[in-house]
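Have a look at the structure below, then the notes.
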Amino acid sequence: MIFLKTEDEIELLRQANLLVGRTLAELAKIIKPGVTTLELDKVAEEFIRDHGAIPTFKGFPNPYGGPFPASICASVNDVVVHGIPNEVPLKDGDIVSIDCGTKLNGFCGDSCYTFLVGEVSEEVKQLCKTTKEALYLGIEQAVVGRRLGDISYAVENHCTSHSYGVVREFVGHGVGRDMHEDPQVPNYGKRGSGPLLKKGLCIAIEPMITLGSRQIFMESDRWTVKTRDGKAAAHYEHSIAVRQGKADILSSFEEIEKVLSDKAI
(Lines give C-alpha, C1' and ligand atoms only; values in the text may rest on other atoms or scores of the structure.)
Protein backbone atom coordinates (compact mmCIF):
# COMPACT_ATOMS: atom_id res chain seq x y z
CA MET A 1 0.00 0.00 0.00
CA ILE A 2 1.31 3.44 -0.96
CA PHE A 3 1.03 6.13 1.73
CA LEU A 4 1.03 9.78 0.63
CA LYS A 5 2.62 12.10 3.18
CA THR A 6 1.26 15.33 4.63
CA GLU A 7 3.34 18.52 4.63
CA ASP A 8 4.15 18.00 8.31
CA GLU A 9 5.29 14.44 7.65
CA ILE A 10 7.45 15.59 4.74
CA GLU A 11 9.19 18.08 7.02
CA LEU A 12 9.91 15.32 9.56
CA LEU A 13 11.29 13.18 6.73
CA ARG A 14 13.46 16.11 5.66
CA GLN A 15 14.99 16.43 9.14
CA ALA A 16 15.83 12.71 9.24
CA ASN A 17 17.33 12.89 5.75
CA LEU A 18 19.38 16.02 6.41
CA LEU A 19 20.90 14.21 9.38
CA VAL A 20 21.99 11.43 7.02
CA GLY A 21 23.69 14.03 4.83
CA ARG A 22 25.48 15.53 7.82
CA THR A 23 26.56 12.05 8.94
CA LEU A 24 28.00 11.29 5.51
CA ALA A 25 29.79 14.66 5.60
CA GLU A 26 31.44 13.63 8.89
CA LEU A 27 32.69 10.49 7.16
CA ALA A 28 33.89 12.51 4.16
CA LYS A 29 36.29 14.31 6.55
CA ILE A 30 38.12 11.09 7.41
CA ILE A 31 37.86 8.87 4.31
CA LYS A 32 41.40 8.30 3.04
CA PRO A 33 43.83 5.44 2.43
CA GLY A 34 44.49 3.53 5.66
CA VAL A 35 41.11 4.17 7.30
CA THR A 36 38.92 1.11 7.87
CA THR A 37 35.20 0.96 7.17
CA LEU A 38 34.73 -0.24 10.76
CA GLU A 39 36.18 3.09 11.92
CA LEU A 40 33.74 4.91 9.63
CA ASP A 41 30.87 2.90 11.09
CA LYS A 42 31.81 3.86 14.65
CA VAL A 43 31.93 7.58 13.76
CA ALA A 44 28.57 7.36 11.95
CA GLU A 45 26.77 5.59 14.80
CA GLU A 46 28.10 8.02 17.38
CA PHE A 47 27.13 11.05 15.28
CA ILE A 48 23.61 9.73 14.62
CA ARG A 49 22.94 8.91 18.28
CA ASP A 50 24.46 12.21 19.47
CA HIS A 51 21.82 13.97 17.36
CA GLY A 52 18.88 12.16 18.94
CA ALA A 53 18.32 9.60 16.20
CA ILE A 54 18.90 5.88 15.82
CA PRO A 55 20.74 4.16 12.95
CA THR A 56 18.02 2.24 11.13
CA PHE A 57 20.42 -0.19 9.48
CA LYS A 58 21.77 -1.63 12.74
CA GLY A 59 19.90 -4.82 13.57
CA PHE A 60 17.85 -4.65 10.36
CA PRO A 61 16.38 -8.15 9.88
CA ASN A 62 17.44 -10.45 7.05
CA PRO A 63 15.08 -13.28 6.04
CA TYR A 64 18.09 -15.28 4.84
CA GLY A 65 20.42 -14.81 7.82
CA GLY A 66 21.30 -12.68 10.83
CA PRO A 67 20.46 -9.00 11.34
CA PHE A 68 22.72 -6.34 9.83
CA PRO A 69 25.54 -5.75 12.32
CA ALA A 70 26.44 -2.12 11.58
CA SER A 71 25.08 1.42 11.24
CA ILE A 72 26.25 1.98 7.67
CA CYS A 73 26.64 -0.17 4.59
CA ALA A 74 30.20 0.29 3.31
CA SER A 75 30.52 -1.18 -0.18
CA VAL A 76 34.08 -1.10 -1.55
CA ASN A 77 34.95 -1.41 -5.26
CA ASP A 78 33.12 -4.49 -6.63
CA VAL A 79 30.65 -4.59 -3.72
CA VAL A 80 27.37 -3.25 -5.09
CA VAL A 81 25.35 -2.92 -1.86
CA HIS A 82 25.14 -4.02 1.77
CA GLY A 83 28.86 -4.22 2.43
CA ILE A 84 29.50 -4.96 6.11
CA PRO A 85 32.10 -2.63 7.70
CA ASN A 86 35.35 -4.44 8.51
CA GLU A 87 38.97 -3.92 9.57
CA VAL A 88 40.45 -3.93 6.06
CA PRO A 89 42.09 -0.51 5.43
CA LEU A 90 40.90 1.45 2.40
CA LYS A 91 43.55 1.72 -0.31
CA ASP A 92 44.54 4.44 -2.74
CA GLY A 93 42.33 4.05 -5.82
CA ASP A 94 39.40 2.43 -4.01
CA ILE A 95 35.85 3.69 -4.11
CA VAL A 96 33.45 3.15 -1.22
CA SER A 97 29.68 3.60 -1.36
CA ILE A 98 28.37 4.57 2.07
CA ASP A 99 24.65 3.97 2.50
CA CYS A 100 23.22 5.38 5.72
CA GLY A 101 19.82 5.45 7.41
CA THR A 102 18.42 7.28 10.42
CA LYS A 103 15.17 7.34 12.34
CA LEU A 104 14.37 10.70 13.91
CA ASN A 105 11.04 11.65 15.49
CA GLY A 106 9.45 8.55 14.01
CA PHE A 107 10.52 9.12 10.39
CA CYS A 108 13.33 7.63 8.31
CA GLY A 109 16.18 9.17 6.38
CA ASP A 110 18.01 7.18 3.70
CA SER A 111 20.80 8.32 1.37
CA CYS A 112 23.99 7.00 -0.20
CA TYR A 113 27.15 8.54 -1.66
CA THR A 114 30.12 6.94 -3.43
CA PHE A 115 33.44 8.34 -2.19
CA LEU A 116 36.77 8.29 -4.02
CA VAL A 117 39.75 7.15 -1.93
CA GLY A 118 42.97 8.86 -3.00
CA GLU A 119 43.70 8.83 -6.72
CA VAL A 120 41.02 6.86 -8.58
CA SER A 121 41.21 5.77 -12.23
CA GLU A 122 39.45 7.92 -14.83
CA GLU A 123 37.37 4.89 -15.84
CA VAL A 124 35.93 4.51 -12.34
CA LYS A 125 35.51 8.28 -11.90
CA GLN A 126 33.38 8.31 -15.06
CA LEU A 127 31.24 5.47 -13.67
CA CYS A 128 30.61 7.50 -10.52
CA LYS A 129 29.87 10.68 -12.48
CA THR A 130 27.37 8.90 -14.75
CA THR A 131 25.64 7.16 -11.83
CA LYS A 132 25.19 10.46 -10.02
CA GLU A 133 23.91 12.11 -13.20
CA ALA A 134 21.41 9.27 -13.59
CA LEU A 135 20.13 9.88 -10.05
CA TYR A 136 19.32 13.50 -10.85
CA LEU A 137 17.78 12.61 -14.22
CA GLY A 138 15.50 10.20 -12.36
CA ILE A 139 14.63 12.90 -9.82
CA GLU A 140 13.65 15.27 -12.66
CA GLN A 141 10.87 12.81 -13.57
CA ALA A 142 9.52 12.61 -9.99
CA VAL A 143 6.72 15.14 -10.47
CA VAL A 144 2.94 15.02 -10.27
CA GLY A 145 1.38 13.47 -13.37
CA ARG A 146 4.34 11.35 -14.45
CA ARG A 147 4.53 7.62 -13.84
CA LEU A 148 7.01 5.59 -11.85
CA GLY A 149 8.38 4.04 -15.04
CA ASP A 150 9.47 7.50 -16.20
CA ILE A 151 11.94 7.65 -13.30
CA SER A 152 13.17 4.11 -13.98
CA TYR A 153 13.57 4.73 -17.71
CA ALA A 154 15.53 7.96 -17.18
CA VAL A 155 18.05 6.19 -14.93
CA GLU A 156 18.42 3.14 -17.18
CA ASN A 157 18.65 5.07 -20.43
CA HIS A 158 21.45 7.33 -19.19
CA CYS A 159 23.53 4.45 -17.81
CA THR A 160 23.08 2.03 -20.70
CA SER A 161 23.97 4.82 -23.15
CA HIS A 162 27.41 4.74 -21.47
CA SER A 163 27.49 0.91 -21.71
CA TYR A 164 27.21 0.40 -17.94
CA GLY A 165 25.28 -2.37 -16.22
CA VAL A 166 22.06 -1.54 -14.36
CA VAL A 167 21.47 -3.80 -11.36
CA ARG A 168 17.91 -5.17 -11.36
CA GLU A 169 17.75 -7.29 -8.21
CA PHE A 170 17.93 -4.28 -5.85
CA VAL A 171 15.75 -1.20 -6.23
CA GLY A 172 14.69 2.07 -4.66
CA HIS A 173 11.59 2.24 -2.46
CA GLY A 174 9.05 4.34 -0.65
CA VAL A 175 10.23 5.99 2.56
CA GLY A 176 8.33 7.22 5.60
CA ARG A 177 7.77 5.83 9.08
CA ASP A 178 9.38 2.65 7.76
CA MET A 179 12.66 2.66 5.87
CA HIS A 180 11.25 0.47 3.09
CA GLU A 181 7.70 1.23 2.00
CA ASP A 182 5.76 0.77 -1.23
CA PRO A 183 6.28 1.38 -4.07
CA GLN A 184 9.45 -0.28 -5.31
CA VAL A 185 11.46 2.06 -7.56
CA PRO A 186 13.47 0.04 -10.11
CA ASN A 187 16.39 1.58 -12.02
CA TYR A 188 15.06 0.10 -15.25
CA GLY A 189 11.67 0.31 -16.93
CA LYS A 190 9.41 1.75 -19.59
CA ARG A 191 8.26 5.33 -19.96
CA GLY A 192 4.59 5.80 -19.11
CA SER A 193 4.36 2.60 -17.08
CA GLY A 194 3.69 1.97 -13.40
CA PRO A 195 1.76 3.91 -10.75
CA LEU A 196 0.82 7.55 -11.33
CA LEU A 197 3.00 9.91 -9.28
CA LYS A 198 0.95 11.97 -6.84
CA LYS A 199 1.76 14.85 -4.53
CA GLY A 200 3.04 13.58 -1.19
CA LEU A 201 4.60 10.39 -2.52
CA CYS A 202 8.01 10.04 -0.84
CA ILE A 203 10.55 7.68 -2.37
CA ALA A 204 14.24 6.86 -2.31
CA ILE A 205 15.75 6.80 -5.80
CA GLU A 206 19.06 4.91 -5.85
CA PRO A 207 20.88 3.90 -9.03
CA MET A 208 23.23 0.93 -8.47
CA ILE A 209 25.38 0.83 -11.59
CA THR A 210 28.25 -1.43 -12.63
CA LEU A 211 31.30 -0.80 -14.78
CA GLY A 212 30.84 -4.13 -16.56
CA SER A 213 28.11 -6.76 -16.51
CA ARG A 214 25.01 -6.21 -14.37
CA GLN A 215 25.30 -9.79 -13.06
CA ILE A 216 25.72 -10.00 -9.29
CA PHE A 217 26.01 -12.57 -6.51
CA MET A 218 25.57 -12.65 -2.73
CA GLU A 219 28.38 -13.75 -0.42
CA SER A 220 27.93 -16.35 2.31
CA ASP A 221 27.27 -13.65 4.94
CA ARG A 222 23.88 -13.24 3.17
CA TRP A 223 24.35 -9.46 3.00
CA THR A 224 27.32 -8.52 0.80
CA VAL A 225 26.37 -8.24 -2.89
CA LYS A 226 29.18 -8.16 -5.46
CA THR A 227 29.56 -7.92 -9.23
CA ARG A 228 30.21 -11.31 -10.85
CA ASP A 229 32.97 -9.94 -13.08
CA GLY A 230 34.77 -8.20 -10.20
CA LYS A 231 34.41 -4.75 -11.77
CA ALA A 232 33.51 -1.66 -9.75
CA ALA A 233 29.99 -0.52 -8.87
CA ALA A 234 28.73 2.92 -7.88
CA HIS A 235 25.65 3.83 -5.81
CA TYR A 236 24.05 7.22 -5.15
CA GLU A 237 20.72 7.77 -3.40
CA HIS A 238 18.39 10.63 -2.51
CA SER A 239 15.06 10.55 -0.70
CA ILE A 240 12.57 12.86 -2.39
CA ALA A 241 8.97 14.05 -2.21
CA VAL A 242 6.92 14.23 -5.41
CA ARG A 243 5.67 17.77 -6.08
CA GLN A 244 3.97 19.71 -8.85
CA GLY A 245 6.55 20.87 -11.39
CA LYS A 246 9.73 19.91 -9.53
CA ALA A 247 10.67 17.17 -7.06
CA ASP A 248 11.61 18.15 -3.50
CA ILE A 249 14.95 16.55 -2.57
CA LEU A 250 14.76 15.79 1.16
CA SER A 251 18.30 14.48 1.60
CA SER A 252 21.38 16.50 0.69
CA PHE A 253 24.88 16.08 -0.74
CA GLU A 254 25.69 19.74 -0.05
CA GLU A 255 27.57 19.22 3.24
CA ILE A 256 29.41 16.20 1.81
CA GLU A 257 30.61 18.09 -1.24
CA LYS A 258 31.59 21.10 0.83
CA VAL A 259 34.02 18.80 2.64
CA LEU A 260 35.19 17.14 -0.57
CA SER A 261 35.57 20.54 -2.28
CA ASP A 262 37.31 20.08 -5.63
CA LYS A 263 37.38 16.29 -5.22
CA ALA A 264 33.60 15.95 -5.58
CA ILE A 265 32.39 14.12 -8.70
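For the single chain, residues carry numbers from 1 onward in sequence order.
Applying the side-chain contact (heavy atoms from CB on, under 4.5 Å) test between I98 and each of L40, T23, V20 identifies L40 as the sole match.
The shortest distance between side-chain heavy atoms of K103 and M179 does not fall below 4.5 Å. Residues Y236 and I209 fail the side-chain proximity criterion, which asks for heavy atoms closer than 4.5 Å. No side-chain heavy atom of M218 sits under 4.5 Å from any side-chain heavy atom of K226. Within the 4.5 Å cutoff, the side chain of I72 has no heavy atoms near those of the K58 side chain. The shortest distance between side-chain heavy atoms of L197 and P195 does not fall below 4.5 Å. For the pair N187 and V167, the minimum side-chain heavy-atom distance is 4.5 Å or more.
Hydrophobic clustering (ILVMFWY, side-chain heavy atoms < 4.5 Å, transitive): L27 and V35 are in one cluster. The hydrophobic clustering, which links ILVMFWY residues whose side-chain heavy atoms are closer than 4.5 Å, places F60 and I54 apart. If you chain together hydrophobic residues whose side chains sit under 4.5 Å apart, V166 and I139 fall into the same group. There is no path of hydrophobic side-chain contacts, each under 4.5 Å, that joins F3 to V171. Cluster annotation: L211 is connected to L116 through the hydrophobic network of ILVMFWY side chains, with a link wherever side-chain heavy atoms come within less than 4.5 Å.
At a cut-off of 3.5 Å, with distance as the only test, no side-chain donor of S97 or S75 sits close to an acceptor on the other residue. In summary, the side chains of E39 and T36 do present a donor paired with an acceptor at a separation below 3.5 Å, with no hydrogens or angles considered. For the residue pair S239 and D110, no side-chain donor N or O sits within less than 3.5 Å of a side-chain acceptor on the partner. Looking at E257 and Y113, their side chains do bring a donor and an acceptor atom within 3.5 Å of each other.
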Carefully, step by step, assess Y164 and Q126 under the rule side chain to side chain contact (heavy atoms under 4.5 Å, CB included). CA-CA 10 Å; Y164 295 138; Q126 188 60 45; 3.4 Å; yes

Going through the distances and angles, do V143 and Q244 end up as a side chain to side chain contact (heavy atoms under 4.5 Å, CB included)? CA-CA 6 Å; V143 294; Q244 192 80 43; over 6 Å; no

Assess whether salt bridge (Lys or Arg N to Asp or Glu O under 4.0 Å) is satisfied between R14 and D248, documenting all intermediate values. CA-CA 10 Å; R14 192 188 313 279; D248 184 0; 2.8 Å; yes

Take H235 and V80 through the test side chain to side chain contact (heavy atoms under 4.5 Å, CB included) and record every step on the way to the result. CA-CA 7 Å; H235 180 196; V80 181; over 6 Å; no

For a salt bridge (Lys or Arg N to Asp or Glu O under 4.0 Å) check, start with the C-alpha distance between R49 and E45, then their side-chain angles and the critical distance, and finish with the verdict. CA-CA 6 Å; R49 294 191 188 279; E45 180 171 1; 2.9 Å; yes

Take I95 and V117, measure what side chain to side chain contact (heavy atoms under 4.5 Å, CB included) needs, and give me the verdict at the end. CA-CA 6 Å; I95 58 171; V117 184; 6.0 Å; no

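Within the 3.5 Å criterion, the main-chain N or O of L104 finds no donor-acceptor partner in the side chain of T102. N62 contributes a side-chain N or O that, together with a main-chain N or O of R222, makes up a donor-acceptor pair within less than 3.5 Å. Without hydrogens or angle criteria, D229 side chain to S213 main chain gives a donor-acceptor distance under 3.5 Å. Counting only distance, with no hydrogens or angles, the side chain of H180 and the backbone of V175 share no donor-acceptor pair below 3.5 Å. When atom types are taken as modelled, the side chain of S152 and the backbone of P186 share a donor-acceptor pair closer than 3.5 angstrom. Judged by distance alone, the side chain of D78 and the main-chain N or O of T227 form no donor-acceptor pair under 3.5 Å. Side-chain atoms of D150 come within 3.5 Å of backbone N or O of G192 as a donor-acceptor pair. Checked by atom type and distance alone, the side chain of T37 pairs as donor or acceptor with a backbone atom of N86 at under 3.5 Å. Not a single donor-acceptor pair under 3.5 Å links the side chain of R146 to the backbone N or O of Q141.
Scanning all heavy atoms of the two residues, the minimum distance from C73 to F68 falls at SG-CZ, 3.7 Å. P85 and A74 make their closest contact through CG-CB, 4.4 Å (heavy atoms, listed as atom of the first residue, atom of the second, distance). Heavy atoms only, all atoms of each residue included: A142 and I205 are closest at CB-CD1, 4.4 Å. The shortest non-hydrogen separation linking V155 to A134 is CG2-O, 3.5 Å. When all heavy atoms of L250 and C202 are compared, the pair lying nearest together is CD1-SG, 4.4 Å. Minimum heavy-atom separation, I240 to A247: CD1-CB, 4.3 Å.
A salt bridge does not link E46 with K42: none of the charged nitrogens is closer than 4.0 Å to a carboxylate oxygen. Taking the charged nitrogens against the carboxylate oxygens, E122 and K129 have no contact shorter than 4.0 Å, which rules out a salt bridge. We find that R228 and E219 are not joined by a salt bridge, their nearest charged nitrogen and carboxylate oxygen being 4.0 Å or further apart. Under 4.0 Å is where a charged nitrogen must lie from a carboxylate oxygen, and between K91 and D94 at least one such pair does.
A ring-centre distance under 6.0 Å is not found for F57 and H82.
Legend: residues meeting side-chain hydrogen bond (donor to acceptor under 3.5 Å, both in side chains) with T224, ordered by chain and number and at least two apart, are D221. Partners of Y136 according to the ring-ring contact (aromatic ring centres under 6.0 Å, His included) rule, which considers only residues two or more places apart in sequence or in another chain, are H238. Evaluation of the side-chain hydrogen bond (donor to acceptor under 3.5 Å, both in side chains) rule for T131 yields no partner, not counting sequence neighbours.
Around the CD atom of E254, the shell of radius 6.0 Å holds no more than 12 heavy atoms that belong to other residues, nucleotides or ligands. Open room surrounds NZ on K231; 12 or fewer heavy atoms of other groups in view lie less than 6.0 Å from it.
Each ring pair (Phe, Tyr, Trp, His ring centres under 6.0 Å) pair with one or both residues in residues 139-160, not counting sequence neighbours, appears once here: H158-H162. For residues 178-201, the set of pairs meeting the salt bridge (charged side-chain N to carboxylate O under 4.0 Å, His left out) definition, not counting sequence neighbours, comprises K5-E181. Evaluation of the ring pair (Phe, Tyr, Trp, His ring centres under 6.0 Å) test over residues 28-56, restricted to residues two or more places apart or in two chains, returns F47-H51.
Note: K29 NZ to L260 CG = 11.5 Å, rounded to the nearest 0.5 Å. Atoms CG and CG, from L24 and L19 in turn, are 9.5 Å apart once rounded to the nearest 0.5 Å. Note that CG of D99 and CD of E237 are 5.0 Å apart. Values are rounded to the nearest 0.5 Å. Here F253 contributes atom CZ and K132 contributes atom NZ; the two are 7.0 Å apart, rounded to the nearest 0.5 Å. Distance SG/C108 to CG/N17: 9.0 Å, rounded to 0.5 Å. Summarising the geometry, atom CD1 belonging to I203 is positioned 6.0 Å from atom CG belonging to L148; distances are rounded to the nearest 0.5 Å.
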